[in-house]
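These notes concern the structure reproduced below.
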Amino acid sequence: MVKDSRNVLKTGFDRNDNVIKLHDEKLKHMQKILVMMIKDFDMIAQKYGIEYTLSGGSVIGALRHKGFIPLTTTYVIKGTVNGTNALWYVKNNVVTYTNTVAKDKNGNYYGIINGKVDNNFNGFLSDGKEWWHVNKGKVTFTDTGVFKGTINGTTGWYYAKASKYTKATVLAKNPDNNTWWRVTDGKMDFGFTGFFQNENGLWYCKNGQITFTDTGIFEGTINGVTGYYYVKGSLFTKTNTVAQYGSDYWCVQDGMINSGFTGICSNSSGSWYCKDGKAQLEFTGEITYNGKKYKIVKGMVK
């Protein structure tokens, strides 16, 4: 069914840029008055030989549209509609009740919920081309990190860069609680456990999160090599030490368990006899390593 255009509610603006309601009939009446005014002026000008020119919108309307310029204004404007004073989304001079992202005449961008700015809204909204993170009703273009919201009907934690949803695989911070997470294809990846690199190093993630408290040996893949790597404060650390994995202690060389090593390996607690990479905590006796004899008591060099 096609609506009678005379019943379509449109908007105009008063001198204070407040929204005022206009029906097509009222618009046509105002246009007729304007036409009468210009005709009266033109008649007087011709009678007395006064030369004049049109400018601005009058020229555009006369030359491009052969009449009045069609209503094409689309932006956010403050005003009162049905008794509610707010920032309203006006599309082609019609208050449009939709969810989107739009700007005001000063270039500020807002999140629109059901036709007006909602200063309490935090989440993602689409302008029809991109998805944007809206922070308390505004698009700041400075929000970078993971934020909760709904995109294409799916609620989750999404990555935004300069407020724009970005389908990237990165490590990113949740600004709400200062936690860091693995992001896969633009969405927080709770299923990821392993190592991932950013500009600050190789980080161990557990269930998608960097805890900054994990210290010890963890299984994972680094540079295509799967093994058991040493982590300190969740950061892969290329060091030589003896560290615990499971119920055993192991020799770590260059940050990785060396299961082929037999000899003496040290950590902050002392030096230990290791065989096939594992500290021999049950061994007591003497060994020779690199031509030197060592006395061992329960795996420790004495």
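Values reported hereafter were calculated over all heavy atoms of this structure, with side chains retained and with hydrogens, waters and symmetry mates removed. Position 1 is the first residue of the sequence, and the numbers go up from there.
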Judged by atom type as modelled, is there a donor-acceptor pair below 3.5 Å linking the side chain of [X] to the main-chain atoms of [Y]?
X    : Y    : result
N106 : N108 : no
T211 : Q209 : no
D104 : G107 : yes
T166 : A168 : no
S234 : I210 : no
N99  : N114 : yes
D143 : S163 : no
S259 : D276 : no

With rounding to the nearest 0.5 angstrom, report the [atom1] to [atom2] distance, [X] to [Y].
X    : Y    : atom1 : atom2 : value
Y249 : T241 : OH    : OG1   : 11.0 Å
T144 : H133 : OG1   : NE2   : 10.5 Å
T169 : F196 : OG1   : CZ    : 6.0 Å
D189 : T184 : CG    : OG1   : 3.5 Å
F261 : W250 : CZ    : CH2   : 13.5 Å
T237 : Y229 : OG1   : OH    : 13.5 Å

For this session: Run the numbers on W131 and S126 for side chain to side chain contact (heavy atoms under 4.5 Å, CB included), then give the verdict.
Result: CA-CA 4 Å; W131 286 88; S126 174; 3.7 Å; yes

Tell me the closest heavy-atom pair linking [X] and [Y], and the distance in Å.
X    : Y    : answer
V252 : Y230 : CG1-CB, 3.8 Å
K116 : A86  : CD-CB, 3.9 Å
N258 : Q253 : ND2-OE1, 2.7 Å
T100 : L125 : O-CD1, 3.5 Å
G149 : F124 : CA-CD1, 3.8 Å
K173 : N178 : NZ-OD1, 3.8 Å

Grouping I, L, V, M, F, W and Y whenever their side-chain heavy atoms are under 4.5 Å apart, do [X] and [Y] come out in a common cluster?
X    : Y    : result
Y89  : V117 : yes
M256 : Y204 : yes
W203 : F236 : no
W180 : M188 : no
V101 : Y75  : no

- request: Start with the C-alpha distance between N177 and T179, add both sets of side-chain angles, then the distance that settles side-chain hydrogen bond (donor to acceptor under 3.5 Å, both in side chains), and finish with yes or no.
  value: CA-CA 6 Å; N177 56 19; T179 55; 2.6 Å; yes

Could you check if a side-chain atom of [X] sits within less than 4.5 angstrom of a side-chain atom of [Y], using non-hydrogen atoms only?
X    : Y    : answer
K232 : T239 : no
V146 : V183 : yes
I287 : I296 : yes
V297 : F283 : no
K105 : I77  : no
Q244 : I217 : no
L171 : C205 : yes
T96  : W88  : no

Applied to residues 285-302, the side-chain hydrogen bond (donor to acceptor under 3.5 Å, both in side chains) test, sequence neighbours excluded, yields none

### Evaluation steps, side chain to side chain contact (heavy atoms under 4.5 Å, CB included), between V90 and V76
CA-CA 6 Å; V90 177; V76 176; over 6 Å; no

Between W132 and the options F141, F121, F147, the ring pair (Phe, Tyr, Trp, His ring centres under 6.0 Å) test singles out F141

With sequence neighbours left out, the residues meeting ring pair (Phe, Tyr, Trp, His ring centres under 6.0 Å) with Y245 are Y228

Test side chain to side chain contact (heavy atoms under 4.5 Å, CB included) on T193 and N207 and set out the steps. CA-CA 5 Å; T193 294; N207 298 326; 3.8 Å; yes

Take atom CG of N200 as the centre, draw a 6.0 Å sphere, and report whether it contains more than 12 heavy atoms from other residues, nucleotides or ligands. yes

N/O donor-acceptor pairs under 3.5 Å from side chains in residues 36-49, not counting sequence neighbours:
unit_1 : atom_1 : unit_2 : atom_2 : d
D42    : OD1    : Y52    : OH     : 2.5
D42    : OD2    : Q46    : NE2    : 2.6

*Would N85 and K78 count as a side chain to side chain contact (heavy atoms under 4.5 Å, CB included) if you check the C-alpha gap in whole Å, the side-chain angles of each, and the deciding distance to 0.1 Å?*
CA-CA 7 Å; N85 186 266; K78 186 176 182 180; 3.4 Å; yes

W157/N174 under side-chain hydrogen bond (donor to acceptor under 3.5 Å, both in side chains): CA gap, chis, key distance, verdict
CA-CA 9 Å; W157 291 85; N174 177 352; over 6 Å; no

**OP:** Check whether the side chains of T154 and N152 place a donor and an acceptor atom closer than 3.5 Å, and report yes or no.
**Re:** no

Between F190 and W181, ring centroids under 6.0 Å = yes

